[in-house]
There are 2 protein chains.
Amino acid sequence: MDQRQALASFGALSQETRLQIIRMLVVAGPDGMSAGAIAENAEVSPSNVSFHLKELERAGLINQQRESRSIIYSAAYDALGGLVRFLMEDCCAGHPEICAPAVAVAACCADGATSMSKKAN
Amino acid sequence: MDQRQALASFGALSQETRLQIIRMLVVAGPDGMSAGAIAENAEVSPSNVSFHLKELERAGLINQQRESRSIIYSAAYDALGGLVRFLMEDCCAGHPEICAPAVAVAACCADGATSMSKKAN
DNA sequence: TCAACAATTCAAGGATTATTGAAATATGGA
DNA sequence: TCCATATTTCAATAATCCTTGAATTGTTGA
């Protein structure tokens, strides 16, 4: 993750609807959700959700793939992980005071990260 | 860190000059830097740096304190740590795929986080 | 081919954010 | 008090972002 993508990612996450979309896509998992389902869930118009999805894709935070009539969007886990890493390492220079809280969170999903056996369904 | 502050923080970090300022303040450490020094280092006008500093403060990412004629700004380590945590936990639902890269970064500054004895100078 | 569905694109507008330079505020020393 | 320094505030402009609804594109099944 370079600075350009990080700036775009922070911008993408700074909007309430888009943050909401990322959250639901992360929870939805690898199967993703259709644009229509996202719009319904977020309670915004189709054209509005399309605008925000394009913004999220421009930042590289989501992936899309057509599935028959629908277009399925899913969270780009690698990009989100890259952003966390950028924030801790590049932006915050790995400062212990900043990374300390992350260590706690990391600890509680470290098993999953290692074994990759507890993916949410 | 609640969602409102996270949104403001992401917005604050989505601007090149502001990201640059945060980086230099993190590196500068607890002593911080004066507004003038920040402006000079970032190569922007005093009034422009003031605008961006206000934005960063609004997001809670920096602290200020007057020191004689100067106003000294410093990174709010707790807020930055809170943002990393929000991104991993609240936004990304603690997904192993996303947190995995963070575990690696966390590991290399975990000693410092525990002993607090290896702060960057 | 035609109708219906799913989603995007486009254009217009309104709202927010960024930049600039001039004026104002606050502090410390002569 | 007066001046110089450090910084902020203000007003105007420019640029970007968000929302809305209408028109368009792509897909499927009758």
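Below, chain A is the first sequence line, B the second, and so on; all start at residue 1. Values in this document were obtained by computation on a predicted structure and should not be read as measured data. Just the heavy atoms: all of them, side chains too, but no hydrogens, waters or symmetry mates, feed the values below.
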So, OP1 or OP2 of [N]: does either fall under 4.0 Å of a side-chain N or O from [X]?
X      : N       : value
S47(A) : dA7(C)  : no
Y73(B) : dT8(D)  : yes
R69(A) : dA4(C)  : no
H52(B) : dT17(C) : no
S70(B) : dT5(D)  : no

Task: Test: R58(A) and E55(A) ion pair at under 4.0 Å - done: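 Result for this pair is yes, salt bridge flagged.
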Can you tell me how far [atom2] of [N] sits from [atom1] of [X], to the nearest Å?
X      : N       : atom1 : atom2 : result
F10(A) : dT17(C) : CZ    : C1'   : 18 Å
N48(A) : dT8(C)  : CG    : P     : 12 Å
I21(A) : dC18(D) : CD1   : C1'   : 13 Å
K54(B) : dT9(D)  : NZ    : P     : 6 Å
L53(A) : dA6(C)  : CG    : P     : 16 Å
Q15(B) : dA14(D) : CD    : P     : 19 Å
I62(A) : dT8(C)  : CD1   : C1'   : 13 Å
Q64(A) : dA6(C)  : CD    : C1'   : 13 Å

Open item on the list: Which nucleotide wins on minimum distance to the side chain of F51(B), given the candidates dC18(D), dT19(C), dT8(C)?
Closed with: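 For the F51(B) side chain, the nearest candidate turns out to be dT19(C).
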Task: Flag, side chain of R23(A) to backbone of C91(B), donor-acceptor distance under 3.5 Å - done: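 Looks like no, no N/O pair under 3.5 Å.
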Report which part of the nucleic acid [X] touches: base, sugar-phosphate, or nothing (heavy-atom distance under 4.0 Å, all strands).
X      : answer
S50(B) : base
E55(A) : nothing
S68(B) : sugar-phosphate

Open item on the list: In the structure I gave you, are the side-chain heavy atoms of S9(B) and M1(B) within less than 4.5 Å of one another anywhere?
Closed with: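 Yes - at least one pair of side-chain heavy atoms lies under 4.5 Å apart.
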Task: Closest heavy-atom pair and its distance - A102(B), M88(B) - done: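 That would be CB-CE, 3.7 Å.
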Task: 5′-ward residue of the pair R66(B)/R58(A) relative to DNA chain D - done: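 Comparing both residues, the 5'-ward one is R66(B).
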Open item on the list: Just checking Q3(B): does its CD atom have more than 12 heavy atoms from other residues, nucleotides or ligands closer to it than 6.0 angstrom?
Closed with: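 More than 12 within 6.0 Å, yes.
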